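Computed from a predicted model, the values in this text were never measured in an experiment. If you read the sequence from its start, that first residue is 1, and numbering goes on from there.
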Amino acid sequence: MRSRLAQAIHSIMERRFPERRLFLKSDSETRFIRLRPGMQLGIWSGATLLVGWAIIATAILLMDSIGAGNFRAQAQRDRVLYEDRLNALSEERDMRAQEAVAAQERFASALDQISTMQSEILSLEDRRREAERGLDVVQATLLRVMNERDDALAEVDGLTGGPDGAPILAAAADEMTGTVEILSDALARTAEERDIIAADADFALSHAAELELELRLMEDRNDEIFRQLEEAMNVSVEPLDDMFRAAGMDPDDMITAVRRGYSGTGGPLTPLAFSTMNEAPDTSTLRANGILSSLDRINLYRIAAQKAPFSMPVRDSFRYTSPFGQRWGRMHEGVDMAGPVGTPIYATADGVVTHAGWSSGYGRLIKIRHEFGIETRFGHLNAIDVQVGQRVSQGEHIGDMGNSGRSTGPHLHYEVRVGGEPINPMIYIRAGQDVF
């Protein structure tokens, strides 16, 4: 039965792969190679496996390249969206800060107006009291004069019986009439002035009530503005705090170092001080100073972010080929980013170039010293575009990707060292990508 199966298989192979002969002719002789069905099947199977492997490997590489490109494009879009959001928050923060300053100025002006009105009210109240006292004096004088007039009339009645009574009575009556008219005029003027003062006082009190209502509305508006500003500051500051902590950097120590070494525009902001009478600052001043402190912290974060390597050294398409850690029995102290020869390489933070030339193993190497004891290294370059001692900025073109030194293909070997010790560069890269 086994021979029958072998014969059946052999007949099938004969139909598919008939025996062939490959003739090799030379000047003196002719030889041939017999290609039996089994040999042809083996060659055909090997060729099929080789072509299939090539197709699968090519598909994997293409999918890896497309996936890396899509990931970078998505990261770039997220970064642009976050930058737009951060810019919008900054514009709204500036607008709210201006509104807060303007509201504070209006608040101070309203306080001045209220103080002036209160002084005027007190002055009017003093004048009203003086007018009342004067009116009381005039009334007392008028009463006294009327009493004296009554007494004089009584005396006149007693004198009318004499021969000289009529002239004396006429003179006394004229004198009393003139005095009464003078007192009546004075009383009328005093009453009119009192009414004017009372009307002014009522107007001042009503205007003061309107100013107090406007002041309360202004305080409510200021509270809403301060609340929105404080929320915007929290949204802006917390991701930056997390970014530096994720990179193993203490935000307070970093801000202290930046503030100590800072010189230039846009630096630390001065707190507000509205009181000129050695009084404790009010709640609005304290909240405004808190917002200014947050703005100052964001500004210092911006300065520090340019001095620490949070950005990417490669901005064109690339793929990660070797991570940080143990590799082939020894420590790989950086990450490898593979791409075409000549791909631009950029500085990841502000710093000073300390090495720009050939180094054993690294090939063409650039070293940059940054703040906070950080150093970055860029190895296996094809070209170097900086010199030792040159100060570079974050994002500045410093060289091109290559295959120099001990390298198996064109790529960038990127290192981050803190205090001379190698640190995984992806800590800084991921922290920067989460924010920027």
Side-chain angles (χ1 to χ4, degrees), residues 57 60-61 64-65 67-69 71-72 75 247 306-433:
I60 292 173
L61 290 175
D64 183 56
S65 177
F71 176 77
R72 286 187 55 78
Q306 294 176 346
K307 297 179 180 297
F310 290 110
S311 65
M312 288 291 297
V314 182
R315 299 181 180 178
D316 294 343
S317 297
F318 73 94
R319 66 182 186 279
Y320 292 103
T321 56
S322 184
F324 178 88
Q326 291 292 329
R327 185 183 69 172
W328 304 333
R330 53 187 302 183
M331 185 65 179
H332 185 237
E333 298 176 343
V335 295
D336 291 345
M337 305 175 186
V341 173
T343 301
I345 305 299
Y346 303 93
T348 53
D350 297 350
V352 179
V353 178
T354 58
H355 179 89
W358 190 272
S359 178
S360 177
Y362 287 101
R364 294 183 182 87
L365 173 68
I366 296 176
K367 296 181 183 179
I368 301 178
R369 184 180 68 250
H370 310 282
E371 298 289 340
F372 318 119
I374 301 175
E375 179 188 73
T376 54
R377 297 184 178 186
F378 308 81
H380 306 309
L381 299 179
N382 184 61
I384 296 176
D385 295 333
V386 293
Q387 299 177 352
V388 175
Q390 178 178 340
R391 182 171 294 276
V392 295
S393 301
Q394 186 184 73
E396 183 175 344
H397 179 221
I398 59 174
D400 299 328
M401 186 181 296
N403 191 27
S404 60
R406 289 198 298 270
S407 173
T408 58
H411 72 283
L412 169 69
H413 175 81
Y414 175 58
E415 291 185 14
V416 175
R417 293 174 178 259
V418 179
E421 295 296 325
I423 302 296
N424 189 355
M426 297 306 298
I427 295 175
Y428 291 88
I429 292 175
R430 292 195 184 100
Q433 288 177 344

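Legend: residues meeting side chain to side chain contact (heavy atoms under 4.5 Å, CB included) with Arg406, ordered by chain and number and at least two apart, are Ser360. Among residues two or more places apart in sequence or in another chain, the side-chain hydrogen bond (donor to acceptor under 3.5 Å, both in side chains) test is passed with Thr343 by none. Qualifying salt bridge (charged side-chain N to carboxylate O under 4.0 Å, His left out) partners for Glu371, counting only residues two or more places apart in sequence or in other chains: none. Under the side-chain hydrogen bond (donor to acceptor under 3.5 Å, both in side chains) criterion, Asp316 pairs with no residue, sequence neighbours left out. By the side chain to side chain contact (heavy atoms under 4.5 Å, CB included) test, Tyr346 pairs with Arg315, Pro344, His397, sequence neighbours left out. Listed by chain and number, the residues in a side chain to side chain contact (heavy atoms under 4.5 Å, CB included) with Arg369 are Val352, Thr354 (sequence neighbours excluded). Every residue meeting the ring-ring contact (aromatic ring centres under 6.0 Å, His included) condition with His332, not counting sequence neighbours, appears here in chain and number order: His413.
Of all heavy-atom pairs between Phe372 and Val418, the closest is O-CG1, 4.5 Å. When all heavy atoms of Thr321 and Ala338 are compared, the pair lying nearest together is CG2-CB, 3.4 Å. Counting all heavy atoms, side chain and backbone alike, Pro340 lies closest to Ser317 at CD-O, 4.4 Å. The nearest pair of heavy atoms linking Phe378 to Ala347 is CZ-CA, 4.5 Å. Across all their heavy atoms, Gly357 and His355 have their closest contact at O-NE2, 3.5 Å. For Ala349 against Pro309, the heavy-atom pair with the smallest separation is CB-N, 3.6 Å.
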### Task
Apply the test side chain to side chain contact (heavy atoms under 4.5 Å, CB included) to residues Phe324 and Met331: give CA-CA distance (whole Å), side-chain angles for both, the deciding distance (0.1 Å), then the verdict.
CA-CA 8 Å; Phe324 178 88; Met331 185 65 179; 3.3 Å; yes
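Looking at Tyr414 and Met337, their side chains come closer than 4.5 Å, going by heavy atoms from C-beta outward. In this structure, Tyr428 and Ile374 have side chains that are in contact, with non-hydrogen atoms separated by less than 4.5 Å. Residues Thr348 and Val416 are not in side-chain contact: their nearest non-hydrogen atoms beyond the backbone lie 4.5 Å or more apart.
Met401 CE to Ser407 OG: the interatomic distance, rounded to the nearest 0.5 Å, is 10.0 Å. Rounded to the nearest 0.5 Å, atoms OG1 (Thr376) and CD1 (Ile368) are 4.5 Å apart. Taking CG of Asn424 as the reference point, atom CD of Glu415 lies at 11.5 Å (rounded to 0.5 Å).
Note on residues 328-347: pairs passing salt bridge (charged side-chain N to carboxylate O under 4.0 Å, His left out), not counting sequence neighbours, are Arg327-Asp336, Glu333-Arg417. Within the structure, salt bridge (charged side-chain N to carboxylate O under 4.0 Å, His left out) pairs that include any residue of residues 341-361 do not occur (at least two apart or interchain).
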Under 3.5 Å, which donor-acceptor pairs link side chains of residues 379-390 to any protein atom two or more places apart or in another chain?
residue : atom : partner : partner atom : Å
His380  : ND1  : Tyr362  : O            : 3.2
His380  : ND1  : Ser404  : O            : 2.7
Gln390  : OE1  : Gln387  : N            : 3.1

